[in-house]
*Asks:* 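What follows is a structure written as structure tokens; I'll ask about it next.
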Amino acid sequence: MPAQDRATIVVGYTPTPQGEAALRAALDEAGRRGSSLHVVNASSAEAYVDQGLAGPEQLDDLRRRLAESGVAHQVEQSVGRKDPAEEILDAAERLAASLVVIGLRRRSPVGKLLLGSTAQRVLLQAGCPVLAVKA
């Protein structure tokens, strides 16, 4: 079955423990459902520069792991263009996703109130089910 005819799972990915947990869960779900996977790499540009996360080797490793999984996939590299939640929600809507998978990190209630939460926005605004996983 061509990838465009299958239900698509959108996963918000960053090369962090939370992003890795989301990717593993999304690959498991895609394999179980026979779905294709759309990986949205949408971290803020500042995080990539400050933490040194965005090297070509990380993207090569991601693509290699996806190819080895046998799951039909596409990687959308949108670092820093928009808010990560917007990138994930836009992809889910554009692709009529059957599921969105995101990773959660531990934040205090005050931290969530002051800084907002990508996960919270995706959970509240997605037009399809959302699977939120912890690292």
Side-chain angles (χ1 to χ4, degrees):
M1 181 183 304
Q4 64 268 23
D5 294 339
R6 296 185 235 185
T8 300
I9 294 174
V10 171
V11 59
Y13 174 78
T14 57
T16 62
Q18 297 81 21
E20 294 296 330
L23 182 64
R24 282 190 304 273
L27 283 167
D28 288 346
E29 284 295 319
R32 218 181 340 269
R33 297 172 182 223
S35 298
S36 62
L37 189 62
H38 187 86
V39 180
V40 177
N41 187 5
S43 286
S44 69
E46 295 82 18
Y48 273 78
V49 171
D50 293 346
Q51 299 173 28
L53 297 176
E57 55 280 344
Q58 284 89 1
L59 293 175
D60 290 344
D61 181 56
L62 172 63
R63 287 189 169 97
R64 179 191 52 76
R65 289 171 35 212
L66 289 167
E68 289 173 356
S69 74
V71 171
H73 63 276
Q74 181 177 25
V75 177
E76 181 177 333
Q77 183 69 18
S78 57
V79 174
R81 281 192 283 179
K82 289 190 216 174
D83 174 72
E86 285 181 50
E87 292 287 350
I88 294 164
L89 292 166
D90 287 351
E93 184 178 336
R94 182 177 72 249
L95 300 168
S98 61
L99 179 70
V100 172
V101 182
I102 56 174
L104 296 177
R105 63 186 168 117
R106 185 177 168 99
R107 294 178 72 180
S108 70
V110 173
K112 288 178 192 173
L113 178 66
L114 295 176
L115 300 174
S117 168
T118 297
Q120 185 175 7
R121 282 195 54 210
V122 172
L123 285 165
L124 293 174
Q125 295 178 11
C128 63
V130 177
L131 173 61
V133 297
K134 291 184 180 179

*Asks:* Looking only at heavy atoms, what is the nearest atom pair of L131 and A25, with distance?
*Replies:* CD2-CB, 4.2 Å
*Asks:* I'd like to check C128 versus L99 (side-chain heavy atoms, cut-off strictly below 4.5 Å). Are they in contact?
*Replies:* no
*Asks:* Please name all residues satisfying side-chain hydrogen bond (donor to acceptor under 3.5 Å, both in side chains) with R65, sequence neighbours left out, ordered by chain then number.
*Replies:* E20, D61
*Asks:* Might you work through the side-chain contact (heavy atoms from CB on, under 4.5 Å) test for I102 and L123, ending with a clear yes or no?
*Replies:* CA-CA 9 Å; I102 56 174; L123 285 165; 4.2 Å; yes
*Asks:* Closest heavy-atom contact between S35 and A7?
*Replies:* CB-O, 3.1 Å
*Asks:* About how many Å separate NE2 of H73 and CG of L62, when rounded to the nearest 0.5 Å?
*Replies:*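 L62 CG to H73 NE2: 8.0 Å, rounded to 0.5 Å.
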*Asks:* I need the T118 OG1 to Q18 CD distance, nearest 0.5 Å.
*Replies:* 11.5 Å
*Asks:* Measure across G31 and V71 and return the closest heavy-atom pair with its distance rounded to 0.1 Å.
*Replies:*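 That would be N-CG2, 4.3 Å.
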*Asks:* Can you tell me how far CZ of R94 sits from CG of L89, rounded to the nearest 0.5 angstrom?
*Replies:*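 It is 11.5 Å, given to the nearest 0.5 Å.
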*Asks:* Drop me the distance from Y13's OH to H38's NE2, to the nearest 0.5 angstrom.
*Replies:*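 These two atoms lie 15.0 Å from each other.
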*Asks:* For V101 and A22, work out which heavy atoms get closest and say how close.
*Replies:*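 Heavy atoms only, the tightest pair is CG1-O, 3.4 Å.
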*Asks:* Give every residue pair that meets the side chain to side chain donor-acceptor pair (under 3.5 Å) criterion with at least one member in residues 121-135, sequence neighbours excluded.
*Replies:* D83-R121
*Asks:* If every non-hydrogen atom of V11 is compared with every non-hydrogen atom of L23, which pair is closest and at what distance?
*Replies:*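 Reported closest heavy-atom pair: CG2-N, 4.0 Å.
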*Asks:* Minimum heavy-atom separation for A21 to A135, with atom names?
*Replies:* CB-CA, 3.7 Å
*Asks:* Distance from L66 atom CG to L37 atom CG, nearest 0.5 Å?
*Replies:*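 L66 CG to L37 CG: 6.5 Å, rounded to 0.5 Å.
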*Asks:* Working to the nearest 0.5 Å, report the span between OG of S117 and CZ of R105.
*Replies:*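 Between S117 OG and R105 CZ, I get 7.5 Å after rounding to 0.5 Å.
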